[in-house]
Amino acid sequence: MKVPILRLQNAGDMDLPSYMTEHAAGMDIPAAEDCLLEPGDIQVISTGFAMALPPELEAQIRPRSGLAIRHGITVVNAPGTIDADYRGEIKIGLINLGKKPWQIRRGERIAQMIIAPVCRIIWEETDCLEDTDRGDGGFGHTGMGGSA
Ligand SMILES: O=c1ccn([C@H]2C[C@H](O)[C@@H](COP(=O)(O)OP(=O)(O)OP(=O)(O)O)O2)c(=O)[nH]1
Ligand SMILES: [Mg+2]
């Protein structure tokens with residue numbers, strides 16, 4: 001499926017978000033600006049592009065595992081939600097959960113974007129809900145062990 005993408009002024013000749021392997025689920029997104037993330041910092045980083053998703057799709061901004069697990073650099077609102085009707089610049093909210101400052105350079109791939117289907121519903125208000133085995137048990141209700 002083709003999706004219109006707009007390169008903004010700050011993107012110049014930067015690479016567009018792209019799939020890095022044949023069956024990658026996410027497109028890696030490069031930063032359009034340098035940014036220094038001190039430990040504990042949250043920064044919103046430009047990507048230099050905007051897009052027009054069709055109404056039946058959303059985009060999710062997720063961390064890159066290597067950055068997150070090795071260095072504590074992760075997406076603070078993961079997964080970030082890009083609505084189909086959003087036409088502004090896609091921005092990436094990063095947080096440094098590590099112990100060292102982390103320098104991001106323009107062009108470095110800082111997060112990934114997954115395109116996903118959207119299901120919208122219509123509420124049907126009711127006085128009672130259909131019974132299930134679980135009922136209202138949650139938050140560890142099924143225990144921690146195996147099935148035995
Ligand atoms: O990581 C993100 C998350 C969101 N957005 C943009 C696209 C999205 O459509 C819009 C609103 O995001 P969201 O609904 O998550 O934020 P909100 O705090 O509810 O803002 P709003 O009141 O504008 O919906 O911000 C980004 O660029 N990056
Ligand atoms: Mg919102």
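For the numbers below, each heavy atom of this structure counts, side chains included, while hydrogens, waters and symmetry mates do not.
Each of Ile69 and Ile73 belongs to its own hydrophobic cluster when Ile, Leu, Val, Met, Phe, Trp and Tyr are linked at side-chain heavy-atom distances under 4.5 angstrom. By the criterion of side-chain heavy atoms lying less than 4.5 angstrom apart, applied directly or through intervening Ile, Leu, Val, Met, Phe, Trp or Tyr residues, Trp102 is grouped together with Ile29 in one hydrophobic cluster. Val76 and Val44 end up in different hydrophobic clusters when Ile, Leu, Val, Met, Phe, Trp and Tyr side chains are linked at under 4.5 Å.
Between the side chain of Ser46 and the main chain of Gly48, no donor-acceptor pair closer than 3.5 Å is present. Here the side chain of Arg7 pairs a donor or acceptor atom with the backbone of Met14 at under 3.5 angstrom. Without hydrogens or angle criteria, Asn96 side chain to Leu37 main chain gives a donor-acceptor distance under 3.5 Å. Between the side chain of Thr47 and the backbone N or O of Ile90 there is at least one donor-acceptor pair closer than 3.5 Å.
In this structure, Glu38 and Pro101 have side chains that are in contact, with non-hydrogen atoms separated by less than 4.5 Å. The side-chain heavy atoms of Val3 and Ile115, taken from C-beta on, include no pair separated by under 4.5 Å. Between Ile104 and Leu94 there is a side-chain heavy-atom pair separated by less than 4.5 Å. For the pair Arg106/Asp34, a side-chain contact is recorded, criterion being any heavy-atom separation below 4.5 Å from C-beta on. Residues Met51 and Pro4 form no side-chain contact, since every pair of their non-hydrogen atoms from C-beta on lies 4.5 Å or further apart. Side-chain contact between Val75 and Arg62: absent, with no pair of heavy atoms (C-beta onward) separated by less than 4.5 Å. Contact annotation: the side chain of Met1 approaches that of Pro54 to within less than 4.5 Å [non-hydrogen atoms, C-beta and beyond]. Counting heavy atoms from C-beta outward, Ile110 and Arg64 have side chains that stay 4.5 Å or more apart.
Scanning all heavy atoms of the two residues, the minimum distance from Leu36 to Asp41 falls at O-OD2, 4.1 Å. Nearest heavy atom pair, residue Arg105 against residue Ala31, reads O-CB, 4.2 Å.
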